[in-house]
Peer 1: 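Here's a structure for you.
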Amino acid sequence: MTKPLEQILSQDSFNKNDLVTLLNADEQQRQLIFAKAAEIKEKYVGKKVFYRGLIEFSNLCGKNCYYCGIRAGNKNAHRYEVTPEEVMEAARYAWENKFGSIVIQAGERSDKNFVRRISEVLKQIREMSKGELGITLSLGEQTEKTYREWFESGAHRYLLRIEVSNPELYGKYHPNDKKHDYQKRIESLQLLRKVGYQVGTGVMIGLPFQTTEDLADDLIFFRDFDIDMVGMGPYIEHEHTPMYQYKDQLMSKIDRFYLSLKMVAVLRIMMKDINIAATTAMQAIDPLGREKAIKVGANIIMPNLTPTSYREDYLLYEDKPCTDEDAEECKRCLEARIHMAGGEIGYGEWGDSKHFRKRKGEN
Ligand code: 5AD
Ligand code: SF4
Ligand code: FES
């Protein structure tokens with residue numbers, strides 16, 4: 001006999017069975033989860049939504065993840081790297097508009113010149129913004145030395161999604177080689193923490209072969225790792241990827257969306273003071289996807305600052321939003337959307353994970 005959902009929601013901690021029941025909630029029942037998550041969000045992190053201006057620095061990638069539209073093997077992708085001047089322009093825009101923080105994201109590369117270019121850009125941004133702009137990196141697996149160099153150059157948060165916490169499934173979505181090693185990814189997450197970053201991770205939701213039990217394990221993974229930030233969203237197929245062959249086995253996009261929303265809400269209930277992103281992939285399915293995520297627990301949003309001419313090329317999945325808009329349009333659009341979702345924007349604040357501060361004993 002499974003426990004009633006109301007009973008589970010009144011508990012302080014959840015086992016795997018509880019999480020599976022929550023994630024399986026139907027249309028009616030899920031409203032109870034959403035209401036509880038909204039209440040917890042209000043109490044522990046408040047109404048504020050923090051911005052992370054996103055700069056998609058380059059779509060060159062040395063890896064070949066089977067799901068990703070910018071994988072090395074996709075010869076249809078037109079490759080680019082934003083110039084240092086353009087990065088500075090985007091960072092200045094973020095600073096002048098009081099975004100508080102930016103994220104620099106790119107495909108995974110670790111050649112010396114790339115590592116150096118990133119360090120240079122980090123130092124320049126720090127100087128330009130007088131250290132006021134928070135900087136998050138999302139540049140994949142790197143050596144401890146590189147992670148340290150970037151940390152010392154001014155980055156203080158790092159996002160590295162585990163993608164899927166079950167090693168067996170990880171093996172299904174990635175080539176079986178040293179470059180795509182599950183254990184190495186775990187070690188990278190540990191290294192990031194050791195170096196001193198606030199560490200974010202995340203998963204994709206609604207992947208082929210993935211079960212609700214697997215997603216419950218993903219939530220348990222976040223908790224056991226005592227993660228500071230999470231960004232997760234629906235898996236969306238991309239035509240020029242090997243995983244496209246399973247497109248007929250997927251649940252409907254709208255089901256993937258609601259499952260993602262339940263993941264966000266349940267995670268907020270489990271980890272009350274972490275930062276959770278309302279991800280772009282959620283909006284790729286539902287035009288109000290990010291607002292809905294904010295209502296049920298997310299408190300971070302990433303307005304796109306990538307120069308418009310490159311946006312079409314950073315296509316991780318189909319129907320990615322904001323490819324025709326520019327920074328100003330996304331800013332205005334998001335402002336309206338966040339207010340509509342009952343949120344307030346944390347202008348000019350870093351909006352660090354309260355969880356991180358607490359662990360460091362600063363609160
Ligand atoms: N659908 C959804 N998310 C994807 N990502 C990559 N490909 C896809 C896809 N097809 C996500 C991965 C990666 C992040 C940058 O984009 O989780 O970590
Ligand atoms: Fe490269 Fe990241 Fe895409 Fe994998 S998911 S192919 S590492 S950009
Ligand atoms: Fe980019 Fe709405 S956020 S157009």
Side-chain angles (χ1 to χ4, degrees), residues 51 53-54 56-74 77 79 103-110 136-142 158-165 170 173-175 179-181 184-185 188-189 200-208 210 218 230-244 246-247 250 253 256-257 260 277-285 287-291 301-306 308 311 313-338 340:
Y51 275 179
L54 174 65
E56 292 155 331
F57 180 73
S58 168
N59 69 352
L60 272 97
C61 184
K63 281 173 106 167
N64 256 316
C65 309
Y66 291 150
Y67 42 83
C68 177
I70 64 169
R71 61 198 299 275
N74 180 9
R79 305 289 166 172
V103 181
I104 301 178
Q105 185 173 78
E108 190 174 307
R109 284 147 78 192
S110 37
T136 307
L137 295 179
S138 174
L139 302 168
E141 293 166 39
Q142 304 288 344
Y158 205 106
L159 305 171
L160 185 73
R161 288 189 177 179
I162 188 71
E163 312 295 359
V164 55
S165 66
Y170 193 91
Y173 310 141
H174 299 93
K179 257 195 203 170
H180 303 79
D181 182 54
K184 232 193 113 226
R185 206 153 179 91
S188 292
L189 282 170
T201 192
V203 293
M204 285 176 287
I205 298 157
L207 289 154
Q210 186 187 43
D218 289 343
V230 172
M232 55 187 173
Y235 160 68
I236 302 171
E237 59 274 31
H238 186 296
E239 193 185 346
H240 300 294
T241 60
M243 254 157 70
Y244 197 67
Y246 305 119
K247 67 176 194 311
L250 300 171
K253 279 195 179 156
R256 274 177 262 166
F257 173 76
S260 303
T279 56
T280 313
M282 303 205 58
Q283 201 193 320
I285 297 183
L288 294 177
R290 289 184 290 186
E291 292 86 322
I301 215 157
M302 294 160 74
N304 200 326
L305 292 180
T306 310
T308 313
R311 290 192 189 190
D313 293 325
Y314 203 84
L315 268 203
L316 302 168
Y317 44 79
E318 292 172 356
D319 301 325
K320 195 164 162 265
C322 306
T323 48
D324 295 327
E325 284 76 12
D326 64 15
E328 193 62 34
E329 284 168 295
C330 284
K331 174 177 178 263
R332 243 179 291 136
C333 169
L334 275 184
E335 238 160 19
R337 283 166 179 271
I338 290 167
M340 217 160 65

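For ligands, and for the atoms within them, numbers begin at 1 and follow the listed sequence.
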Peer 1: Numbering the atoms of ligand 3 from 1, which are under 4.0 Å from a heavy atom of Leu334?
Peer 2: 3 (S)

Peer 1: Quick check: closest heavy atoms across Leu250 and Leu207, and the distance to 0.1 Å?
Peer 2: CD2-C, 4.2 Å

Peer 1: Please check: side-chain N/O of Arg185 versus main-chain N/O of Glu141, any donor-acceptor pairing under 3.5 Å?
Peer 2: no

Peer 1: Does the distance from a Lys or Arg side-chain N to an Asp or Glu carboxylate O, for Arg256 and Glu237, drop under 4.0 Å?
Peer 2: yes

Peer 1: Looking only at protein heavy atoms, which one is nearest to atom 3 (S) of ligand 3, and how far off is it?
Peer 2: Arg290 NH2, 3.1 Å

Peer 1: Can you name the nearest heavy-atom pair linking Gly202 to Arg161, along with the distance?
Peer 2: O-CB, 3.3 Å

Peer 1: Hey, does the side chain of Tyr158 reach the backbone of Gly140 with a donor-acceptor pair shorter than 3.5 angstrom?
Peer 2: yes

Peer 1: Can you tell me the protein heavy atom closest to atom 4 (S) of ligand 3 and the distance?
Peer 2: Glu325 CG, 3.4 Å

Peer 1: Under a 3.5 Å threshold, yes or no: a donor from one side chain and an acceptor from the other, between Arg79 and Asn59?
Peer 2: no

Peer 1: So, is Tyr67 polar-close to ligand 1, with some N/O to N/O distance under 3.5 Å?
Peer 2: yes

Peer 1: Got the closest protein heavy atom to atom 2 (C) of ligand 1, with its distance?
Peer 2: Pro234 O, 3.3 Å

Peer 1: Scan the protein's non-hydrogen atoms and note whether one is under 4.0 Å from atom 5 (S) of ligand 2.
Peer 2: yes

Peer 1: Counting each atom of ligand 3 from 1 as listed, which ones have a heavy atom of Cys330 under 4.0 Å away?
Peer 2: 1 (Fe), 3 (S), 4 (S)

Peer 1: Write out the residue and atom name of the closest protein heavy atom to atom 2 (Fe) of ligand 3, then the distance separating them to 0.1 Å.
Peer 2: Cys333 SG, 2.2 Å

Peer 1: If the cut-off is 4.0 Å to any non-hydrogen atom of Cys68, which atoms of ligand 1 fall inside it?
Peer 2: 7 (N)

Peer 1: Show all protein N/O/S atoms under 2.8 Å from atom 4 (Fe) of ligand 2, or state that there are none.
Peer 2: Cys65 SG

Peer 1: Backbone or side chain, does any N or O of Ile236 fall under 3.5 Å from an N or O of ligand 1?
Peer 2: yes

Peer 1: Taking Glu318's backbone N and O only, do any of them form a donor-acceptor pair with Glu239's side chain (distance below 3.5 Å, no angle check)?
Peer 2: no

Peer 1: Whether the side chain of Tyr67 engages the backbone of Tyr235 through a donor-acceptor N/O pair (distance < 3.5 Å, no angle test) should be reported.
Peer 2: no

Peer 1: For Arg337 and Leu288, indicate whether the former's side chain and the latter's backbone hold a donor-acceptor pair under 3.5 Å.
Peer 2: no

Peer 1: Need the ligand 3 atom indices (1-based, order shown) with element for anything under 4.0 Å from a heavy-atom of Cys322.
Peer 2: 1 (Fe), 3 (S), 4 (S)

Peer 1: Decide, yes or no, whether a salt bridge links Lys320 with Glu56 under the criterion of side-chain N to carboxylate O below 4.0 Å.
Peer 2: yes

Peer 1: How close does the nearest protein non-hydrogen atom get to atom 16 (O) of ligand 1, and which residue and atom is it?
Peer 2: Leu316 CD1, 3.4 Å

Peer 1: Do Glu335 side-chain atoms and Arg332 backbone N/O form a donor-acceptor pair below 3.5 Å?
Peer 2: no

Peer 1: Is Asn304 in contact with ligand 3, taking contact as a heavy-atom separation below 4.0 Å?
Peer 2: no

Peer 1: Using modelled atom types and a 3.5 Å cut-off, is there a donor and acceptor pairing between side-chain atoms of Asp218 and backbone atoms of Ser165?
Peer 2: yes

Peer 1: For ligand 1, which part of Glu163 has a heavy atom less than 4.0 Å away: the side chain, the backbone, both, or neither?
Peer 2: side chain

Peer 1: State whether the side chain of Thr241 and the backbone N or O of Gly69 hold a donor-acceptor pair below 3.5 Å, judged by distance alone.
Peer 2: no

Peer 1: Which value, rounded to the nearest 0.5 Å, describes the distance between Tyr170 atom OH and His180 atom NE2?
Peer 2: 7.5 Å

Peer 1: Which bit of Arg161 gets closer than 4.0 Å to ligand 1, counting heavy atoms only: side chain, backbone, both or neither?
Peer 2: side chain

Peer 1: Looking at atom 5 (N) of ligand 1, what's its closest protein heavy atom, distance included?
Peer 2: Met204 SD, 3.9 Å

